[in-house]
Structure formats: C-alpha cells, structure tokens
Amino acid sequence: MPKILCIAEKPSIAKAVAGILSGHTAQVKSTASKYTKNYEFNFDFGPPWGKSQVVMSSVAGHTTSYDLPKEYGAWANYPCSIPFEAPCEITIDDDKKAIAANIARNAKYSQVLYIWTDCDREGEYIGTEVRDIARKENPRIQVKRANFNNLEPNHIIRAACNPVDLDERQAAAVAARIELDLRIGAAFTRLQTLKLRSIHGIDPKKVISYGSCQFPCLGFIVDRYHKITRFVTERFWSIKVTHVRDNVPVVFNWARNRLFDRMAVTLLFEQCLTAKKARITKVDQKPTRKFKPLPLTTIELQKKGSSYLHMSSDAVMKTAEALYQKGFISYPRTETDQFDKGMDLRGLVQKQTQHTTWGQYAQGLMDGGFSQPRDGKNNDKAHPPIHPVICAQPNALSLDEKRVYEFVTRRFLACCSSDAVGSTTTLTLLWGNETFSASGLTVLERNFLDVYPYERWTTNELPLFREGEEFEPTEAQIMEGKTSPPTFITEPELIGLMDANGIGTDATMAEHIKTVIDREYVFAKERGGGGGNAAPATRGRGRGRGRGTRGGAAAAGGEGGGGGTGVREFVPSTLGLGLVEGYDDMKFDVNLSKPFLRKEMEVKMKQICEGQKTREEVVRESLAMYREVFDKAEQQIAVLRRVNSIILNLRRLLTFD
DNA sequence: GCAAGGTC
C-alpha cells in the first residue's frame, strides 16, 4: 500500500479531516510537538493511489521565518539601508522545529505529500513551506494539495479523491509580501530609531518602528486628530415647535433641520407666527421592524467587543482564542456571516437551554420561536460564523471569558430569533410655509431584543392627532446652536477604516492597534473618562473649514456607531504626530502614513496571482520605489527631526513635563 | 532591538 502523508494548516483541521476519512477510527499518536498529533488510518483515494496508508498531521500556521542573518543584528554596524540589499534567509523557528521534524520523518517513508492547508493565499504559501521541508528529506516525494473549503464530510471525501496542485502564483505573491514587509519595515525602522532617538524627550531605548500596516493605522488616528484641531465651529439656527396634548409635550422637528443664516431663520419663523394656526397634513402609521443581527464575524466581534464589552479588540481576540481552545466557541477567525444551510442550529440552541441565565429564552426558541438566521454577504468558505459550541456555565470561565462567551451566545440566539416588530407613527405639520414632523414608536414584539440587551428599541408613543386638524402650537422658538468637532476615533471606527482600506487582516488588525499603543505613537483612553496624555495643538497652518454634522438635533434611539461611554478612543502622542507630520512635510509623491501603499501592494499581489507579473518583478519594482523614498527621507532627516523637536518642545510648553 | 501573517 502506498504511504501518504497529509498535512493540514492547524491541528483542528487535521483532527476533523482524519475523523471523516477514517470514519472516526484513526489511531491517534502523539508527536514531539505538544500542539500536533498524528492520525493513522487507511483510506482509498481512488486512482492513482488507491487504498493507502495515511498519516495525517498538521503544522500550526507558518513554520518558517524570513529574516536578515544574525550578523546584521548589530544595527549600528551597518547603514540603515542595509535591509534593502542584504541577502535574507529562511529559517525554521525554534518553537516549530518539532513540527518540521515530524513532517521530515514521515515524509521519508511516504510516496505522496498531500497538503491540506486552508485554500487561501497564506495557505498556499504554508503549503510550499511544508513541501520544502518534506523534499529536503525525500526529494522524490510527490506533492499534491486538497481543494476544500468546509468540513462537510462529503465535501472532504470528494476533495481527498480529487487532488490538485499547489498554486505557485499565490504562494509567490505571499513570498513577495513577506520579503517587502521585512525589508521595507526593517529599513525604515532602523532609520527612524537611530536618527530620531537622540532628540531630547524621546526615550533612547525605544524602537521607533515602521510597518506597512501599523503606519496607516497610526495615520487614521492622526487624521481624525487633525480634523478635530482644525475644525472651525459655525453657528446655526433652527425652529423648534412643541405642542402639548394630553399632558404630553410633542416636539416637531423642522424639515429644514437648521440653517447657517440667522436672518433667514428669523424671517421664516415670523411667517409661521403670522399664520397662527398649524395644520396636521398627514398622519402616517406603518409597521416597522428592527432586524436581528447578522451572524458573527471576527471583525464584528472585535468592533462590538470594544463598544459593548468595553474590552480592547486585542483582549477580545485573545479571550476568544482561549474560549476556542477550551472548546466553548467555534473558530474565532472567520469572515463568514452566513450559516450553512445544513448546519444543525437547533441542536446548538438546544444546548443553551441548560444555561442559568438565558436557558429559558433558548427553550422558547425550541418551543417554536426559532427562526433561520439572516444571510450576510461574506463567506470565506472555510469557517462558519462564530457561535457557541457547548453550554458553559458562568463559574467555568474567567471574567473576560464570561463576557465574551455571553456576547457570542446572546448574538447567536439573537440570530436564531425573529426580528423585533413595531409600529411607527409620523405626523406632518404645516405651519405657514414651513413643514415639521414628529414620530413615535410602539414596540409590539421584542423577540431577539429580549436576549440581546446590547441594542435598544423602546416605545415612545405619541398622543392622538387627526389628519386635517388645526391648532396653535403651545410653544415655538428659534434655537441657536453651533457645530462641534468630531470626536477622537473610537476602536470600532478604527477597525472599520482598517477593514475598508485593507490594512491588515481580520486576525491581525487588533495587533496593529496594540503595536501603535506599545510604540507610544498613540494613547488609548476611555470615552468620557479623563486621563490620557494628549498631544498639544498642532501648528496653525492649513486651517480647514468644516461643516459639522453633529450639534443640536437630538440623537435617535438605537445603538449608534460606538457612541456608548466606555468605548476606547485613540489620541496621537507627540511622537506619533511628529512622525506623520514629519513625512508630510517632506512632501513625497507617496505618503507613508496613508493606506494607498498597502492597497498598491494588494494590487501587485493580485497581478502575481493572475500571472501578469512575477514575484521578482514586483519585489524589484517595489523595493526601487521605497528605496527612493528612503533615500530622500534620509537626506531630509533634518525635517523629521525638526518637526519632532518642535512638537516635543510645544508639549513641554503646554504641559507640565 | 526591525514587519506582517499564519496559529498554539
């Protein structure tokens, strides 16, 4: 019988696939690595191999590292530009040596290496890592890969019997990304660190890093900060009409909302007063609903963790990872917001009926309340939306775990519930030539809201008005207000921007945010709370004229994008501000703190995948471009130093240190 | 002592 070695990207996939192919009869053998196990069984792959002896195991993500050789570790001994030209090497990480050895040992006696890494770009590259390790031990080993995107048994069996080849282009695109991220990141990091640390006020032990994701992340935070400091407030006026009926004051909002011209508002107001009586021209009553949430993705978990649970996105991910390891929730890294039609959702709901807090609600779903979840637009074809796997009672979990598990579970139960149902009434009031409106809401069925307290939807009933009736409003006045600047960027907003601009992946965005905090480029503070070491005002150039969107109008009910108190928000430090402004002042064609460069990298990776460019071309072109920027930055390092000195001095003048 | 991406 041929011997076939199967390697998955992570232990959970190896276990699942081995279970399916062996009919759950595989022998489990431990390996030198504490993370991976070998599953041994026989399987008939059909032609050309037929019935084979299989060892199924896994790696744990990447096995190799791409880095400069050790001797370049002495930064001061080389020019800062050395990472652009030094030869780099691929090594096996110390903590991955046991995994590599397991592959090598089993490859030695196998005819075929069958790769089962995730079917995405990184998976393709990880597949080439595995191949290279195996070929080193057994150069004649045949290499194939499985084409699969879910763990449904028939799908896995079909994938096993229809091997394909590794996609060399996708792997090459990742190899290009790895090389560029390292060379560019290392070069700029050395430049910034070695040339700026001597400025008084910068900690000489600190690394001042540059990276293709952390810098745009910083850029978003600085950008918002500038919008705040450069904001020019404007005064505006509006007309507010209140009519008391049945002892309830009903506020009618002006259709024009507000005008930035006091005289115009005064004239329009006088016309209303002249008309004396106002008339209800329309009473519109219609059913409405509040949609239940979509199935939970990683990005949504991070955003909501920040705004609902008041945890950092980084902590949310670490906690979710722990819950996954303990088997309480499903795999926490997924882009999918649709549940597979074949999934036993009722079975999962049934398990939650045991829970002391929401068990009764889950029972209600089992007793007829169940409703198929909505489908979002995303499907990574690898993992289902995040959901609870087993029922975990609160005392089995740590404090953070309890909160994340509770959110994941409530979200899941909300997904399996019905939308909330209500009825809105909208009154249209004509007074003189001006139109006003008021609206009320009656919640008829709360449904998912009963298990999902993170969202609010409350009844606000209007007294009865009849179409055509006329009255003199109880009170009318001109209101004055002024536009206010935006607020500091919140964590959910930042994650949203990074996601929209392709900065990092769903699994790494939280880390990039943590990096800019650790580097002291930005400070995180709680909205509403004091503290935080805020940067001083910037120099007075380029005062933008903004017309704010906030101000007088009362906020509508509902969740609002990260508005609750306690959400984390970010303020740039003097150093973070100095770095971004310093590069701005150099006026390069390319802006290092904007997301365009990362987008360009993404485009070039696609070109490699489609065969329009080779890995070598892309690396050569990109390195040449960044090298040019780097040389200019080095020549103009005085600008970067000056900007940072100015800002640091300003800070000393404006604060107490 | 540098990056970003997998995953443990």
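All values derive from a computational prediction rather than experimental measurement. Residue numbers begin at 1 in each chain, while the letters A, B, ... track the order of the sequences.
For residues 114-125 of chain A, the pairs satisfying salt bridge (charged side-chain N to carboxylate O under 4.0 Å, His left out) are A:Lys10-A:Asp118, A:Arg121-A:Glu602, A:Glu122-A:Arg177, A:Glu124-A:Arg145, with sequence neighbours left out.
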Base, backbone or nothing for each nucleotide of nucleotides 1-6 of chain B, written B, S, -, heavy atoms under 4.0 angstrom, 5' to 3'? BBBBBB
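Not counting sequence neighbours, A:Gln142 has no partner by the side chain to side chain donor-acceptor pair (under 3.5 Å) test. A:Arg131 is linked by a side chain to side chain donor-acceptor pair (under 3.5 Å) to A:Glu168, counting only residues two or more places apart in sequence or in another chain. Partners of A:Lys15 under the salt bridge (Lys or Arg N to Asp or Glu O under 4.0 Å) rule, at least two apart in sequence or in another chain, do not exist in this structure.
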Taking only distance into account, with no hydrogens and no angle test, what donor-acceptor pairs under 3.5 Å do side-chain atoms of residues 499-510 of chain A form with protein atoms, sequence neighbours excluded?
{"residue": "A:Asn501", "atom": "OD1", "partner": "A:Lys599", "partner atom": "NZ", "Å": "3.2"}
{"residue": "A:Asn501", "atom": "ND2", "partner": "A:Leu497", "partner atom": "O", "Å": "2.8"}
{"residue": "A:Thr505", "atom": "OG1", "partner": "A:Ala507", "partner atom": "N", "Å": "3.3"}
{"residue": "A:Thr505", "atom": "OG1", "partner": "A:Thr508", "partner atom": "N", "Å": "3.4"}
{"residue": "A:Thr505", "atom": "OG1", "partner": "A:Thr508", "partner atom": "OG1", "Å": "3.2"}
{"residue": "A:Thr508", "atom": "OG1", "partner": "A:Thr505", "partner atom": "N", "Å": "2.8"}
{"residue": "A:Thr508", "atom": "OG1", "partner": "A:Thr505", "partner atom": "O", "Å": "3.3"}
{"residue": "A:Thr508", "atom": "OG1", "partner": "A:His512", "partner atom": "NE2", "Å": "3.4"}

